[in-house]
Chemist: 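Starting off with a structure, shown below.
Any value given below was found using the heavy atoms of this structure, including those in side chains, with hydrogens, waters and symmetry copies removed. Throughout, numbering of the chain's residues begins at 1 and tracks the sequence.
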Amino acid sequence: MTLQFSAYYTLIFAVVVLLIGKFMVQKIRFLREFNIPEPVAGGLVAALLSYGINLATGYRPAFDASLQTAFMLCFFSSIGLSANFAKLRAGGSALVVFLLVIAVFVFVQNGVGIALASLLGLDPLIGLIAGSITLLGGHGTAGAWGAVLEEQHGIVGAMTIGMACATFGLIIGGLIGGPMAKWLIQRHQLHGGPGHDDAVPVDAQTPNFEFPHEQRLITADAAIETLALFAGCLAFAEFMTQLTHGTAVQLPTFVWALGGGVLIRNTLDYACGFEVFDRAIDVFGNAALSIYLAIALLSLKLWELAGLAGPLVIILAVQTLVIAAYVTFVTFRIMGKNYDAAVLCAGQCGFGMGATPTAVANMQAITNQYGASHKAFLIVPMVGAFFIDLINAVVLQLFIKLFG
């Protein structure tokens, strides 16, 4: 039996989750010390409460999915709208190097999944489901590929398995990113850039999503203009999703939202001479990020995780150890063994096991405590939300041709 909540109640619950998470992080030393993001802390409490209701009464709380999708698309639109070419150039060679590091990790993650699935007597394609399809791709990619694997490759229950694995990844990605970065920072005695004075508004040069709790002075006119930009991104995403459906260039809607943001932003900057108000984009983007994560964690179906077969639990546990080892011995070293590298590792744990919003929340939790990392906030949103999805799609096609 399902206990369905409308969009209005879903939004109310999401805000309550955020307030609970903020209270918990302020009051519980363990959460502060291990840099657990506020939406993750509050969301896990809500998910456990939902699970308890399910066990006690048989009812399954269900929350309206439209708001979660809308806020997710707004978050990715904000990434695109903040990515003018000048900021992309500011990422420099580090952006390219980080992208290559993550591209190699896609092969590692899928290789581990396929090898373990074969050893445990499962179809190798189930290893892909417990690989980059769900862990790096998230729930959206899990749904898209689940349907393909069920219909074209005969993997029974691929959709359910995918959603359960993506749920696991979302939880773990939010739990290990902060502690991993904290351990690297303390072990190597690293120091971040200067923080920010709460009483002083953030300047235009600060990358979006950094210092999420600081003042950003905006006006009603700027808010309306920014809403129009977001609406343009969402309209572009909807149009392109429908136009490319079933074609070779079919991409998830959130990728089109991000791409629309990049296109709109740079057209306005360089062709129209219109100055986009970054501070308003930052406020809207951070709000969308927090609410999206709250709804996503509020909607976790922990009973799906409880029903995971033993072999899948083994694969996912090993995948967690693999990403922890990879960020420690590969990402951190290649990216320079400095503070920025440690924050990048927190971001990789977020989108490598869960989703880009989790990556940003991980980095915010770290930089709020240890100081700024402009480079990480320039690189991770673009790599985790755009470039790596394109690479992931190509790699998955290759593995499916080899093992399908």
Chemist: Pairs of donor and acceptor atoms involving the side chains of residues 312-322, under 3.5 Å and at least two apart or interchain, shall be tabulated with distances.
Modeler:
from, atom 1, to, atom 2, distance (Å)
Gln319, NE2, Gln109, O, 2.9
Gln319, NE2, Ala130, O, 3.1
Thr320, OG1, Leu316, O, 3.0

Chemist: Where do Val17 and Ala46 come nearest, in terms of heavy atoms and distance?
Modeler: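 Looking at all heavy atoms of both residues, the shortest contact is CG2-CB, 3.8 Å.
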Chemist: Please find out if less than 6.0 Å separates the ring center of Phe63 from that of Phe5.
Modeler: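 Yes, they do, as the ring centres are separated by less than 6.0 Å.
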Chemist: What pair of heavy atoms forms the shortest contact from Ile323 to Cys349, and how long is it?
Modeler: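 The pair with the smallest heavy-atom distance is CD1-CA, 3.9 Å.
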Chemist: Any sub-3.5 Å donor-acceptor pair from Thr253's side-chain atoms to Thr241's backbone N or O?
Modeler: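 No; zero donor-acceptor contacts below 3.5 Å.
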Chemist: Which pair of non-hydrogen atoms, one from Cys233 and one from Ile264, has the smallest distance, and what is that distance?
Modeler: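 Minimum heavy-atom contact is N-CD1, 3.7 Å.
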Chemist: Using the benzene-type ring in the case of Trp, are the ring centres of Tyr339 and His188 under 6.0 Å apart?
Modeler: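 No; His188 has its ring centre 6.0 Å or more from that of Tyr339.
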Chemist: Check whether any side-chain N or O of Asn110 sits under 3.5 Å from a backbone N or O of Ser132 as a donor-acceptor pair, and report yes or no.
Modeler: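 Yes; judged by distance alone, with no hydrogens or angles, the pair exists.
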Chemist: Checking Asn392 side chain against Ile388 main chain: does a donor-acceptor pair fall under 3.5 Å?
Modeler: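 Here the side-chain-to-backbone pair does not exist.
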Chemist: Between Asp64 and Gln4, does the side-chain hydrogen bond (donor to acceptor under 3.5 Å, both in side chains) criterion hold? Intermediate values first, please.
Modeler: CA-CA 8 Å; Asp64 188 88; Gln4 184 69 48; 5.2 Å; no
Chemist: Identify the heavy atoms of Ile20 and Gly42 that sit nearest to each other, and give their distance.
Modeler: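 For Ile20 versus Gly42, the nearest heavy atoms are CG2-CA, 4.4 Å.
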Chemist: If we ignore hydrogens and angles and just use 3.5 Å, is the side chain of Thr358 paired with the main-chain N or O of Gly354 as donor and acceptor?
Modeler: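 Such a contact is absent between Thr358 side chain and Gly354 backbone.
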Chemist: Under 3.5 Å, side chain of Thr57 to main-chain N/O of Asn54, donor-acceptor pair present?
Modeler: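 No, because the side chain of Thr57 does not come within donor-acceptor range (under 3.5 Å) of the backbone of Asn54.
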Chemist: When you measure from the side chain of Thr134 to the backbone N and O of Cys165, does any donor-acceptor pair fall under 3.5 Å?
Modeler: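 Absent.
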Chemist: To check you understand the geometry: which heavy-atom pair defines the closest contact between Leu190 and Ala342, and what is its length?
Modeler: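 Leu190 and Ala342 have their closest heavy atoms at CD1-CB, 4.2 Å.
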Chemist: Tell me, with the steps shown, if Ile133 and Leu149 meet side chain to side chain contact (heavy atoms under 4.5 Å, CB included).
Modeler: CA-CA 11 Å; Ile133 286 179; Leu149 293 175; 4.0 Å; yes
Chemist: Can you name the closest pair of heavy atoms from Ser373 and Asp340 and give their distance?
Modeler: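 Reported closest heavy-atom pair: OG-OD1, 2.6 Å.
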Chemist: Got a donor-acceptor contact below 3.5 angstrom from the Tyr326 side chain to the Val101 backbone?
Modeler: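 Here the side-chain-to-backbone pair exists.
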